[in-house]
Each structure stands twice: as C-alpha cells, then as structure tokens.
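Predicted model only: the values in this text are computed from it and were never measured. Throughout, a chain's letter reflects where its sequence line sits, starting with A, and its residues are numbered from 1.
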Amino acid sequence: MYRTHTCGELRAKNINQPVKLAGWVQRVRDLGAMTFIDLRDRYGVTQLVIDENTSKDVKANLEKLGREFVIQAEGKVRERSSKNKNIPTGEIEIEVAGIKILSPSAVPPFTIQEDTDGGDELRMKYRYLDLRRQNVRKNLELRAKMAHAIRTYLNEEGFIETETPVLIKSTPEGARDFVVPSRMNSGEFFALPQSPQVFKQLLMVAGFDKYFQIVKCFRDEDLRADRQPEFTQIDCEMSFVEQEDVLNAFEGLTKFTFKNVLNVEVEDFPRMPYSEAIEKYGSDKPDIRFDMLISDISETVKGKGFNVFDSAEYVGAICAKGCAGYSRKQLDELTNWVKRPQIGAKGLVYVKYNEDRSFKSSVDKFYSAEDLKQWAEKLDAKPGDLILVLSGDKTKTLHALGELRLEMAKQLGLRKQGVFKPLWVVDFPLLEWDEETERFYAMHHPFTAPKPEDIKLLDSNPGDVRANAYDLVINGVEIGGGSVRIYDSELQSKMFKVLGFTPEQAEAQFGFLMNAFKYGAPPHAGIAFGFDRFVSLFAGLDSIRDVIAFPKNNAGRDVMIDSPSPVSEEQLTELSLRLIEKKK
RNA sequence: GGUGGCGUAGUUCAGUUGGUUAGAAUAUCGGCCUGUCACGCCGAGGGUCGCGAGUUCGAGUCUCGUCGUCACCGCCA
C-alpha cells in the first residue's frame with residue numbers, strides 16, 4: 001500500500017497515528033537542523049518534519065529532494081508547536097521516520113502554485129503540470145460535478161443516454177467539416193459530426209422518445225476564447241412535445257444544475273422574442289443583469305437640420321446612469337472605442353444631463369435644451385445621466401449600441417460575477433439572407449420548423465418567416481439552442497427547395513432522413529447546450545480553455561503533443577491521397 | 001482571410017531621444033540558520049534581446065519580412 005491517507009485529510013484527531021503518505025514535493029524549507037517539506041496531492045498539502053531525532057538515512061535522502069519529486073513518507077502524526085490556520089491540515093505534521101523517492105523530477109519550467117509565474121503558452125505546453133495547480137484542477141472538478149448533476153437530472157426525467165457515430169457524412173450546410181479519409185473506400189471521406197443532429201432525429205423516429213448524450217462535436221472554423229474545434233454538447237431530443245415542453249424541461253435542468261453545483265436559486269426564465277432582443281439589447285444574446293436598454297429615437301431627433309441624423313436610417317441611444325460627469329477625455333476614448341473597425345460606428349453623439357438639470361451635448365448647435373429634454377424623456381434619463389447616441393444603418397447601429405451597452409456596463413461594474421440571469425430568446429428568424437452567395441441559409445439548421453402561422457410566407461417573404469427555435473442565454477452568453485423539428489417530409493422538401501437544393505441534392509444529402517420520415521415520424525423537438533461554456537459560466541471564466549483538460553490553442557493546434565502533424569508517404573498512399581503545395 | 005497587442009535570463013517583466021559591460025524579481029546551485037509554512041540571511045551561475053534582411057558610425061530600441069502566441073472582426077446552421 002502506497003498510502004494510508006491522502007495529503008488533505010489528517011487532522012488533530014489523528015495525532016499519534018502511524019501514517020504513510022505519498023505525493024509531490026511542493027516546497028522544501030531547510031532551516032538547518034530541521035527541515036519542513038510540504039507534500040501535495042489532489043486533496044491538499046501536509047507538512048512533513050525532519051529534525052534532530054530523524055535517522056541519518058532519511059537525512060541523506062533529503063539532500064536529493066527537489067520540487068515536484070514524487071515521494072512516499074512514513075511517520076507519526078503529531079501536533080504542531082506552531083499551527084497554520086490557513087490550511088485544513090495546519091494543526092498537525094508528520095514526524096518522518098522514512099522517506100522513499102518514488103520518482104525524481106526535473107526542475108519544472110514554472111512554479112506549481114496558485115499564483116504561478118508561468119505564462120499561457122508555457123502552461124499549455126506543459127498542461128500536465130498546469131493541471132497539478134489547484135485552481136486549474138478545481139475547474140475540471142467543477143466540470144465533472146456538473147456532468148454528474150446533468151446526468152442525474154436527465155436520467156430521472158427518463159432520458160436514454162445513447163451514443164451516436166463519430167465517423168459520419170459531410171454535408172454542405174453549416175460549419176466546415178473535419179474530414180477523415182477512408183482507407184477501405186478509396187477516394188471517399190467521413191466527416192466528424194458538427195452535432196449528432198440527424199441521428200437524434202432518427203432516434204425519435206425509432207421511438208426513443210427522450211434521448212440525451214454528453215458528446216464531442218467538431219467544427220473546422222476559426223477559434224475564439226469561447227470556441228474550440230472540438231467541444232462538448234449536452235445534446236437532447238424529445239418526441240410528442242411542443243416548444244414549451246422543451247423549454248420547461250431544460251429550464252428545470254438548468255435550475256437543477258445551479259442548485260446542485262453552486263447552491264444558487266435562479267428565478268424563472270423570461271421569454272424574449274428575437275426581435276425584442278435585437279431592438280432593445282442590440283444582440284441575440286442579451287445580458288439582462290442590467291437594463292440600459294436601447295431606445296429608437298429616430299423620430300425624436302430628425303428634422304432639426306442635423307444632417308447626420310436626418311439622413312440616417314436609424315438613430316438609437318442608451319442612457320448611462322450617473323455618467324454625466326464623464327470628462328472630455330473619457331468621451332473621446334468612448335468615441336474612439338465605437339469607431340474601431342470591430343464596432344464600426346462613424347462617430348458618437350453624447351448628451352450630458354447635468355445635476356443642475358441643464359444639458360451639454362456634442363450637438364448643441366442643432367438642438368435646443370428643449371429638444372434634448374425630449375431625448376431625455378424618451379430614454380427616461382435623470383439628472384446626472386449620460387446619453388450616448390449612434391446612428392446609421394439599422395442593423396449595424398443596433399449591433400454597435402449593443403456593444404457600447406456592454407462596454408458601459410463593464411465600466412460601471414454592472415456585469416456582476418456570481419449573479420446569474422438566464423432567459424429564453426425565442427422566435428428566431430427561420431432563414432438568413434447571404435449577400436455573397438445570394439441565397440437563404442437556415443439560421444439554425446435545415447430541419448427547423450417554421451411557425452405554423454408563418455408557413456404561408458415561405459414563398460412570398462422567406463426572410464420574415466419565424467422559426468420555432470430558441471436559445472438559452474445566461475449573462476450575455478449563448479449557452480444552448482434548439483428548435484421544434486420538421487417531421488413532415490413534404491414540408492422538409494419545401495424547406496430544401498427554399499434553401500436552393502434541387503430534389504436530387506436533397507435526396508443525396510438527406511435522403512436517409514426524409515426516407516425515415518415516411519415511416520411514421522413523431523412530432524419532435526430538441527436542444528443542445530454548449531457544455532464547455534456552461535462550465536466556464538459556473539466557474540466565472542471567459543475562456544472555455546480553462547475548463548478543458550487538454551485544449552487547443554488559438555490556431556487550432558495542440559502545443560503539448562504538437563498536432564496536427566504531417567503523416568508519412570505510406571499513410572497517404574494507403575489513403576489514396578496526394579498533397580498539393582499551398583499557394584503563398 | 002483581416003486588424004491589433006505581445007515576443008529580452010528557466011520564468012514573469014523593466015530597459016529613457018538609437019550610444020559604454022542588457023537589469024530586477026523569482027526559480028536554480030552553494031554556504032549559514034531548531035518552528036518554518038511566499039522562511040530568512042550571504043554568495044554564485046544563468047542572455048543567439050524569436051528569426052532574417054535593411055537604415056545607421058552604432059540597433060534590445062527604428063523599418064520591412066517571417067515565425068510563434070493572444071484578443072477581436074469575418075467565419076462559427
């Protein structure tokens with residue numbers, strides 16, 4: 001037996017017990033005649049003491065010890081003469097009778113402690129060392145705890161956990177596929193699933209009724225802090241349900257997870273139509289921890305001779321509470337901030353509603369105090385507030401206002417950690433027009449059902465058709481999304497037609513699904529949560545990398561194992577592949 | 001595909017208008033130290049300033065290219 005206890009469990013009640021511990025050397029404090037060693041494992045740190053009473057053999061071993069050596073120590077638990085109140089094992093220490101080096105360690109490239117000196121790049125390369133750090137491991141423990149809670153809930157609700165294939169078929173819709181060549185079928189390829197979408201629908205046709213899976217999905221697109229090429233979804237599908245049934249089931253799951261893992265009670269989730277989210281928050285994933293809603297003030301501001309507003313399609317504003325005291329410099333910085341290419345506003349108009357009820361704006365030349373008072377009323381601004389106005393193309397301006405709203409909230413400390421405000425965004429548009437290819441694309445995916453009352457618009461105004469599609473948004477993060485599916489092969493054919501598929505193309509790509517629908521498909525609907533984002537939200541982190549044991553970097557590389565990497569000529573030949581030089 | 005930040009000791013960083021031998025902290029190694037727990041004190045070693053080209057009498061510093069990395073835009077049903 002390597003150990004009788006872990007390094008985190010011994011307490012005063014264990015005093016005088018003989019124990020055996022194993023772990024990593026966190027630090028050696030050599031005081032001359034006596035030496036302290038902090039021994040660390042997953043569970044904590046326990047102090048070992050070597051002093052005048054310790055045998056010579058042990059002392060000889062001591063000289064070889066360095067940080068991160070794996071050792072085994074035998075001895076007796078004793079009370080410390082000077083206790084450490086900062087750690088759970090701080091009342092006791094181990095009077096060492098024997099030390100065995102199980103495995104020596106090279107000097108680690110960074111210190112294994114909470115406030116490590118290692119940068120991101122280095123820690124990623126030595127991820128197995130970074131994972132020894134308590135704060136990193138803690139994130140993965142949270143992840144495991146959440147997965148467990150989710151499985152518990154869904155099992156109790158009668159969902160069947162079912163695995164679906166990873167080697168599937170490439171389809172033209174949606175994200176780029178990761179592609180896998182087939183040796184046995186020369187010249188043909190599998191694709192890795194972007195999600196198990198069609199399989200879960202086939203499981204519904206198979207009568208599984210309630211399916212779920214915590215499953216890896218793959219998308220070959222450029223990455224972000226919250227996007228990895230392989231990521232994990234909590235994937236679900238249900239039969240004989242309407243949208244409300246799915247929302248209620250997964251609102252329940254979300255509340256259960258909050259309660260079980262964080263012991264947080266969240267209120268019932270409001271439902272907000274997509275159109276309202278865009279108009280009031282400038283985003284399809286609004287952060288509703290705070291208000292600062294966007295107001296359309298186009299009608300209020302036009303016709304006073306200010307050409308910028310008069311010629312704009314849309315003029316919108318937000319009201320930043322208590323910011324009337326912003327300095328010229330701060331306002332200039334905000335102006336530059338909205339003019340950055342990523343935001344893309346042309347400029348920023350401000351109105352200070354001063355404490356003495358007077359107004360000071362960047363457009364005083366065009367608007368009287370009476371005019372500005374009207375703006376203030378429209379925005380429900382009070383003395384001391386600052387009104388920020390953007391104008392231009394409606395879609396772009398709303399987006400910019402949405403970003404400005406988040407930035408102001410950040411400056412004002414309104415995006416509070418530990419406060420969770422989930423909501424359902426519903427009634428998404430079914431289709432999205434793409435300027436480049438001049439065709440409609442499914443906003444969610446091609447199996448999403450239109451709202452029954454909007455089906456008649458499919459031919460005349462496809463862009464106005466709303467879908468029975470929904471997103472779960474928490475604190476401005478899209479946690480999950482799903483839809484009611486089409487289960488009628490005729491409506492499905494119609495969808496493919498609107499999306500520009502010929503019947504032959506539709507048959508080749510999705511024939512198996514439409515075929516399946518011919519044999520009695522139940523009405524069904526589903527949803528998928530981005531598990532990595534869900535965990536990072538719980539952990540209070542912006543990057544999902546910190547909740548993944550072995551993540552990829554910004555460029556989609558694993559810097560630890562150095563992948564992707566070239567393969568041999570032999571492998572290529574076996575797969576009937578030849579490489580072509582990439583043009584510079 | 002695009003925009004921007006960063007790249008200097010094992011590590012995290014500083015390095016002035018371009019100017020003598022590139023610094024600090026920490027880590028490492030050696031010495032001293034009987035109650036430390038970020039131990040303390042003394043000392044030592046440690047640098048292709050990412051790489052390449054250019055400007056200059058002179059480049060860590062300026063310019064261009066390139067590689068790496070991070071953030072964002074496009075993209076991600």
Side-chain angles (χ1 to χ4, degrees), chain A residues 26-40 45-54 63 66-68 78-87 89-91 93 106-126 129 171-177 194-195 197-198 217-229 231 337 340-344 396 399-400 403 428-432 434-436 440-448 467 469 471 478 481-483 495 499 528 530 542-543 545 552-557 559 562 584:
Chain A
Q26 174 75 33
R27 182 172 275 112
V28 178
R29 287 182 296 276
D30 180 1
L31 271 64
M34 69 190 312
T35 300
F36 299 101
I37 299 169
D38 286 344
L39 192 65
R40 181 197 68 234
V45 173
T46 298
Q47 176 165 287
L48 313 178
V49 200
I50 289 96
D51 59 21
E52 59 201 355
N53 305 318
T54 310
E63 286 171 21
R67 290 184 326 171
E68 300 309 315
R78 77 180 187 202
E79 188 173 10
R80 291 199 194 187
S81 61
S82 54
K83 299 186 172 52
N84 184 348
K85 292 201 176 76
N86 299 318
I87 59 171
T89 60
E91 294 209 328
E93 62 195 0
V107 175
F110 52 89
T111 56
I112 314 296
Q113 54 196 44
E114 296 228 5
D115 51 341
T116 181
D117 57 5
D120 292 339
E121 198 177 338
L122 198 68
R123 278 166 31 225
M124 210 60 95
K125 185 170 175 189
Y126 298 93
L129 296 182
T171 56
E173 290 284 297
R176 286 187 196 90
D177 285 317
Q194 297 174 25
S195 81
Q197 185 58 38
V198 291
C217 301
F218 306 86
R219 291 178 191 173
D220 187 9
E221 295 292 346
D222 287 3
L223 308 178
R224 293 285 189 280
D226 63 347
R227 275 170 20 196
Q228 284 273 301
F231 60 99
W337 189 85
R340 290 185 317 152
Q342 286 89 337
I343 307 295
K396 283 181 188 160
H399 174 255
E403 293 292 328
F428 275 79
L430 182 70
L431 302 162
E432 232 175 351
D434 181 64
E435 289 291 345
E436 234 170 81
F440 281 105
Y441 282 86
M443 193 156 177
H444 190 53
H445 58 58
F447 318 111
T448 300
D471 274 1
E478 184 195 325
S483 62
M495 263 299 281
L499 291 170
D542 291 327
S543 171
R545 276 172 220 165
K552 308 270 189 291
N553 77 3
N554 219 17
R557 297 197 66 88
V559 294
D562 193 25
K584 286 259 167 140

Report yes or no: does [X] contribute a side-chain atom to a donor-acceptor pair with the main-chain N or O of [Y] at less than 3.5 Å?
| X | Y | answer |
| --- | --- | --- |
| Glu221(A) | Arg176(A) | yes |
| Arg227(A) | Asp222(A) | yes |
| Thr116(A) | Thr111(A) | yes |
| Gln228(A) | Arg545(A) | no |
| Gln194(A) | Ala175(A) | yes |
| Gln113(A) | Gln26(A) | no |
| Thr35(A) | Ile50(A) | no |

Nucleotide forming a Watson-Crick or wobble pair with [N], both distances under 3.5 Å:
| N | value |
| --- | --- |
| U17(B) | none |
| C6(B) | G68(B) |
| U61(B) | none |
| G1(B) | C73(B) |
| G46(B) | none |
| G40(B) | C32(B) |

May I have the distance from [X] (atom [atom1]) to [N] (atom [atom2]), rounded to whole angstrom?
| X | N | atom1 | atom2 | result |
| --- | --- | --- | --- | --- |
| Asp30(A) | G35(B) | CG | P | 13 Å |
| Asn553(A) | A71(B) | CG | C1' | 13 Å |
| Tyr126(A) | G10(B) | OH | P | 12 Å |
| Leu122(A) | U11(B) | CG | C1' | 7 Å |
| Met34(A) | C32(B) | CE | C1' | 17 Å |
| Ile87(A) | U36(B) | CD1 | C1' | 11 Å |
| Asp226(A) | C70(B) | CG | C1' | 14 Å |
| Gln194(A) | C76(B) | CD | P | 10 Å |

Taking atom [atom1] in both [N] and [M], compute the distance separating them and give it to the nearest angstrom.
| N | M | atom1 | answer |
| --- | --- | --- | --- |
| A71(B) | G30(B) | C1' | 44 Å |
| G7(B) | C13(B) | C1' | 12 Å |
| G65(B) | U55(B) | C1' | 15 Å |
| C67(B) | G10(B) | C1' | 22 Å |
| G68(B) | G52(B) | C1' | 15 Å |
| G15(B) | A25(B) | C1' | 15 Å |
| A27(B) | U11(B) | P | 15 Å |
| U26(B) | C39(B) | P | 11 Å |

Selection from [options] that lies nearest to any side-chain heavy atom of [X]:
| X | options | value |
| --- | --- | --- |
| Leu31(A) | G74(B), U69(B), U36(B) | U36(B) |
| Ser82(A) | U3(B), C75(B), G35(B) | G35(B) |
| Ala225(A) | G35(B), U69(B), C72(B) | C72(B) |
| Arg67(A) | C72(B), U28(B), G35(B) | U28(B) |
| Asp38(A) | A27(B), G35(B), C37(B) | C37(B) |
| Gln342(A) | C72(B), U36(B), C37(B) | C72(B) |

Across the strands shown, which category fits [X] at heavy-atom distances under 4.0 angstrom: base, sugar-phosphate, nothing?
| X | value |
| --- | --- |
| Tyr441(A) | nothing |
| Asp51(A) | nothing |
| Val45(A) | nothing |
| Gly174(A) | sugar-phosphate |
| Thr35(A) | nothing |
| Arg123(A) | nothing |
| Pro341(A) | nothing |
| Gln113(A) | nothing |
| Lys125(A) | nothing |
| Arg40(A) | nothing |
| Asp120(A) | nothing |

Item to complete: For residues Pro229(A) and Lys552(A), report the shortest heavy-atom separation together with the two atoms involved.
Response: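 Smallest interatomic distance, heavy atoms only, reads CG-CG, 3.8 Å.
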Looking only at N and O atoms, is any donor in the side chain of [X] or the base of [N] less than 3.5 Å from an acceptor on the other one?
| X | N | value |
| --- | --- | --- |
| Arg29(A) | C33(B) | no |
| Asp222(A) | G74(B) | yes |
| Glu121(A) | G68(B) | no |
| Arg27(A) | U36(B) | no |
| Arg176(A) | G1(B) | no |
| Arg219(A) | C76(B) | no |

Worksheet item: Is the distance from OP1 or OP2 of C70(B) to the nearest side-chain N or O of Arg545(A) less than 4.0 Å?
Response: yes
Discussion item. Looking at C73(B), I'd like to know if its phosphate oxygens (OP1 or OP2) sit under 4.0 Å from a side-chain N or O belonging to Arg224(A).
Written reply: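 Checking C73(B) against Arg224(A), a side-chain N or O does come within under 4.0 Å of OP1 or OP2.
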Discussion item. Please determine whether salt bridge (charged side-chain N to carboxylate O under 4.0 Å, His left out) holds for the pair Glu93(A) and Lys83(A), giving the CA-CA distance in whole Å, both sets of side-chain angles, and the decisive distance to 0.1 Å.
Written reply: CA-CA 9 Å; Glu93(A) 62 195 0; Lys83(A) 299 186 172 52; over 6 Å; no
Discussion item. Would you say that Val198(A) contacts Phe447(A) through its side chain, given a criterion of any heavy-atom pair below 4.5 Å between the two side chains?
Written reply: yes
Fill in: First encountered from the 5' end of RNA chain B, between Asn86(A) and Val49(A)
Val49(A)
